[in-house]
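This report concerns only the one structure given below.
The analysis underlying the following values was restricted to heavy atoms, covering all of them including side chains, and did not include hydrogens, waters or symmetry mates. The sequence lines fix the lettering, A, B, ..., with proteins before strands; numbering per chain opens at 1.
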Protein chains: 4
Amino acid sequence: MTTPKKLTRAEQKALRPIQILDAAFEEFVRSGFSGTRVEDIAERVNVTKGTVYVYFETKEKLFEAMIHHFSVPFQELLETAEGLSGSATDRLLSILGLLYEQIAEDRTTRELTRLVISEGQRFPDLIDRHHDEFIAPIIAKVDGLILEGVASGEFRAIPVEFSDIVVAPILTTTVLRLIFDDRREPPPNKEAFLRAYFDLLLHGLLAKPH
Amino acid sequence: MTTPKKLTRAEQKALRPIQILDAAFEEFVRSGFSGTRVEDIAERVNVTKGTVYVYFETKEKLFEAMIHHFSVPFQELLETAEGLSGSATDRLLSILGLLYEQIAEDRTTRELTRLVISEGQRFPDLIDRHHDEFIAPIIAKVDGLILEGVASGEFRAIPVEFSDIVVAPILTTTVLRLIFDDRREPPPNKEAFLRAYFDLLLHGLLAKPH
Amino acid sequence: MTTPKKLTRAEQKALRPIQILDAAFEEFVRSGFSGTRVEDIAERVNVTKGTVYVYFETKEKLFEAMIHHFSVPFQELLETAEGLSGSATDRLLSILGLLYEQIAEDRTTRELTRLVISEGQRFPDLIDRHHDEFIAPIIAKVDGLILEGVASGEFRAIPVEFSDIVVAPILTTTVLRLIFDDRREPPPNKEAFLRAYFDLLLHGLLAKPH
Amino acid sequence: MTTPKKLTRAEQKALRPIQILDAAFEEFVRSGFSGTRVEDIAERVNVTKGTVYVYFETKEKLFEAMIHHFSVPFQELLETAEGLSGSATDRLLSILGLLYEQIAEDRTTRELTRLVISEGQRFPDLIDRHHDEFIAPIIAKVDGLILEGVASGEFRAIPVEFSDIVVAPILTTTVLRLIFDDRREPPPNKEAFLRAYFDLLLHGLLAKPH
DNA sequence: AATGAATGAGAGTTCATTCAT
DNA sequence: GATGAATGAACTCTCATTCAT
């Protein structure tokens with residue numbers, strides 16, 4: 001059952017930076033950049049703080065490397081989105097579903113969002129890069145789908161500001177879970193939430209057609 | 001003989017803690033709790049470190065006092081919401097408009113939101129209190145209005161999870177502005193945004209009635 | 001006999017930086033710049049190392065301030081030299097005597113010379129300043145006196161390179177005392193040394209006139 | 001089959017410690033004992049830290065070995081001095097010329113002098129040995145020649161303190177070059193300097209014979 | 001012989017907090 | 001009330017040294 005602990009030197013060496021990045025994620029999430037001690041990160045990996053500095057020059061560079069390391073999944077999401085087919089509605093809902101899973105339900109991305117909000121002022125380059133690589137392409141994708149749906153007559157003609165609004169329940173869920181964590185009752189299950197979200201998105205609140 | 005300064009000694013004395021709280025807000029917003037130095041706060045008020053400790057026992061207590069101090073405006077919002085009249089739709093949109101102004105457009109509330117997200121883990125009591133005093137009543141109010149509209153036939157029958165979704169564009173705008181600050185192009189003006197938001201909320205995305 | 005220890009706040013405050021500079025001198029002389037711990041300096045003054053940082057931003061700035069502080073006596077030497085009168089020979093010997101006292105016999109200047117030699121590479125600006133303020137004026141003074149003596153027929157016609165040579169026994173004595181400290185027998189007394197020095201300087205080594 | 005590298009393995013092996021000592025010299029000269037990192041020395045030889053410790057137990061022992069390694073040339077100087085012939089004046093000037101070349105003009109000896117001055121307190125045994133092996137014999141030699149010249153009537157009768165004074169221009173030139181390095185104009189060429197030095201040494205400063 | 005990952009004992013520096021004035 | 005000198009604990013980062021490979 002248990003994996004044997006014996007690793008070769010080479011394996012251990014390849015593993016170390018990943019272990020440190022994982023530990024850094026947990027500690028930075030727990031305490032923020034300033035509140036985290038390099039020694040706490042080291043202890044999580046059962047090494048001394050000197051070892052952390054073997055792999056990362058400074059605490060700041062470690063933070064940045066950690067953010068990059070955990071931003072990877074976004075890439076895959078964007079690629080998946082490209083392969084979708086079906087009506088504009090189908091594809092829009094598929095993407096929103098994927099985004100919900102990736103951003104709101106995945107703890108890693110959720111906490112990454114916390115760090116982006118809390119440490120963004122100290123690491124503006126990080127934020128810009130995050131925006132250019134992830135946010136902008138996603139927004140563009142959603143924008144494109146809406147325009148496509150409008151052009152095909154599937155959607156009502158709506159102004160571009162809609163993108164943020166369409167995506168809003170996903171980021172809102174993410175942020176509310178970040179704020180209330182375990183204190184509030186856990187959020188409704190994914191299916192129920194998405195059903196309500198999509199229903200409102202497609203049909204609106206009013207009982208009578210306009 | 002001498003012209004009195006603008007403030008009497010007593011007035012000055014009463015002002016000091018307020019000045020410190022204001023300065024604390026700016027510095028905590030800029031650098032977070034751990035990243036802020038008590039001395040930076042003091043310098044903003046042109047006093048020395050020691051003076052801050054005359055009014056606040058510790059940095060933590062100063063932070064908490066600052067949060068309470070700036071949380072006041074929510075009270076008024078809730079009271080205003082109570083006085084509304086009209087159809088459920090009218091009252092809902094009025095409340096959402098007020099919330100948008102209060103949360104997304106008001107810099108103070110916006111930055112307070114940042115602190116709630118970033119420092120919540122360190123100050124759980126603060127978050128609980130924030131939830132009980134502000135979030136819960138607002139959610140309850142929106143929930144109530146929706147149920148009322150459903151009961152009156154004004155709204156379609158929808159599950160309770162809708163509350164968060166209905167409010168989502170407001171929190172999302174807030175958070176996006178926190179993250180991208182000046183880097184992204186400024187958000188659309190209030191009227192255009194609210195028009196799009198309310199239009200989508202009431203009618204949904206689809207071109208054809210269901 | 002003993003001076004009472006009670007100092008007012010203001011006196012203590014004015015004294016502190018001087019005390020620290022004195023302590024810094026002793027420690028930097030003992031261990032060099034890199035080898036000296038700020039804490040050792042602090043302990044000499046019976047304060048904690050935090051206190052040192054109240055007065056000096058960094059160890060480097062403390063070092064530089066210390067060098068400046070102890071370079072003061074040179075100023076006085078130059079002023080004294082200006083006031084001399086008599087034949088070129090008289091004035092030259094007077095200056096050399098003063099230099100011997102100031103550089104070779106005064107422990108402070110001697111050790112300052114050690115620091116200039118050992119830490120000069122790390123603090124080139126300090127050395128340049130030291131050169132411009134002290135070495136260059138002294139050399140110029142000696143140069144001037146020699147040229148004057150040559151012009152008046154008091155001295156033989158000699159090339160300008162002589163300045164360094166004329167002063168050499170002073171710097172050499174300084175350096176030899178720095179190197180051998182207490183290990184070698186103490187140097188001859190001042191009078192005997194200067195007598196020999198001046199005799200050789202004025203008359204040369206040869207028994208027969210040229 | 002394969003062309004052998006320039007050095008056999010055995011040659012390479014014998015070379016390593018020499019390479020390390022050379023690199024150590026450069027780094028210790030640049031930064032002093034405390035300021036030098038073993039890793040910097042290793043990098044100069046294109047090996048890693050560990051390799052240095054294969055050959056030298058500690059940084060201190062490496063420093064001492066380096067000093068010994070570069071002190072060798074003095075031996076030859078002393079032997080050359082033994083072989084001189086001619087008048088006391090001729091032999092004295094020959095020795096002083098050799099000393100000038102060896103101490104003031106040779107970069108290695110010059111920088112070794114810097115280390116003797118700056119690190120002497122940390123390595124007193126080194127200094128004592130340096131004194132016994134190099135300084136004392138040279139001083140003795142110069143002393144002997146002067147006494148010889150006095151006995152033969154070639155030199156005036158002068159006290160023994162003269163030795164240091166006679167040699168002073170050499171050490172002074174050395175130290176001034178150490179201090180001012182490239183910042184000051186380069187020293188006069190050897191011939192001009194020695195001519196002036198010897199002229200003053202033999203005839204003194206005064207225009208009229210005594 | 002050579003490596004370089006890892007260590008651990010500091011070193012410089014910062015800063016919340018105290019308290020005599 | 002206000003000060004700011006002083007503290008001391010904690011933090012980031014360094015580096016001589018070790019040792020399994």
Q: Return the value, rounded to whole Å, for the distance between atom CD of Glu39(A) and atom C1' of dA9(F).
A: 13 Å
Q: Run the ring-centre check on Phe33(B) versus Phe123(B) and record whether the distance is less than 6.0 Å.
A: yes
Q.
Quick check for you: among dA5(E), dG12(E), dT12(F), whose closest atom lies nearest to any side-chain atom of Tyr55(A)?
A. dA5(E)
**Q.** Heavy-atom donor-acceptor pair, Lys49(A) side-chain to dG10(E) base, under 3.5 Å
**A.** yes
Q | Upstream residue (5' side of DNA chain F) when Gly50(C) and Gly50(B) are each assigned their closest nucleotide | A | Gly50(B)
Q.
Looking at Lys59(D) and Thr36(D), would you say the former's side chain and the latter's main chain have a donor-acceptor pair under 3.5 Å?
A. yes
Q. Is Leu62(D) close to Leu21(D) at the side-chain level, that is, under 4.5 Å between some pair of heavy atoms?
A. yes
Q | Out of dA2(F), dA5(F), dT17(F), whichever nucleotide has its closest atom nearest the side chain of Val54(C) | A | dA5(F)
Q: May I ask you to evaluate whether Thr48(A) reaches the phosphate of dA6(E), defined as a side-chain N or O under 4.0 Å from OP1 or OP2?
A: no
Q. With both distances under 3.5 Å as the test, what is the Watson-Crick or G-U wobble partner of dT21(F)?
A. dA2(E)
Q: Ignoring the backbone of Thr58(B), work out which of dT17(F), dT17(E), dA16(E) is nearest its side chain.
A: dT17(E)
Q) Is a salt bridge present between Glu111(D) and Arg114(D), judged by a nitrogen-to-oxygen distance below 4.0 Å? A) yes
Q | Out of dT17(E), dC13(F), dT7(F), whichever nucleotide has its closest atom nearest the side chain of Tyr53(A) | A | dC13(F)
Q. Can you find a side chain N or O atom of Thr51(C) that sits less than 4.0 Å from OP1 or OP2 on dT7(F)?
A. yes
Q) Does any nucleotide pair with dC15(F) by Watson-Crick or G-U wobble geometry, both distances under 3.5 Å, and what is it? A) dG8(E)
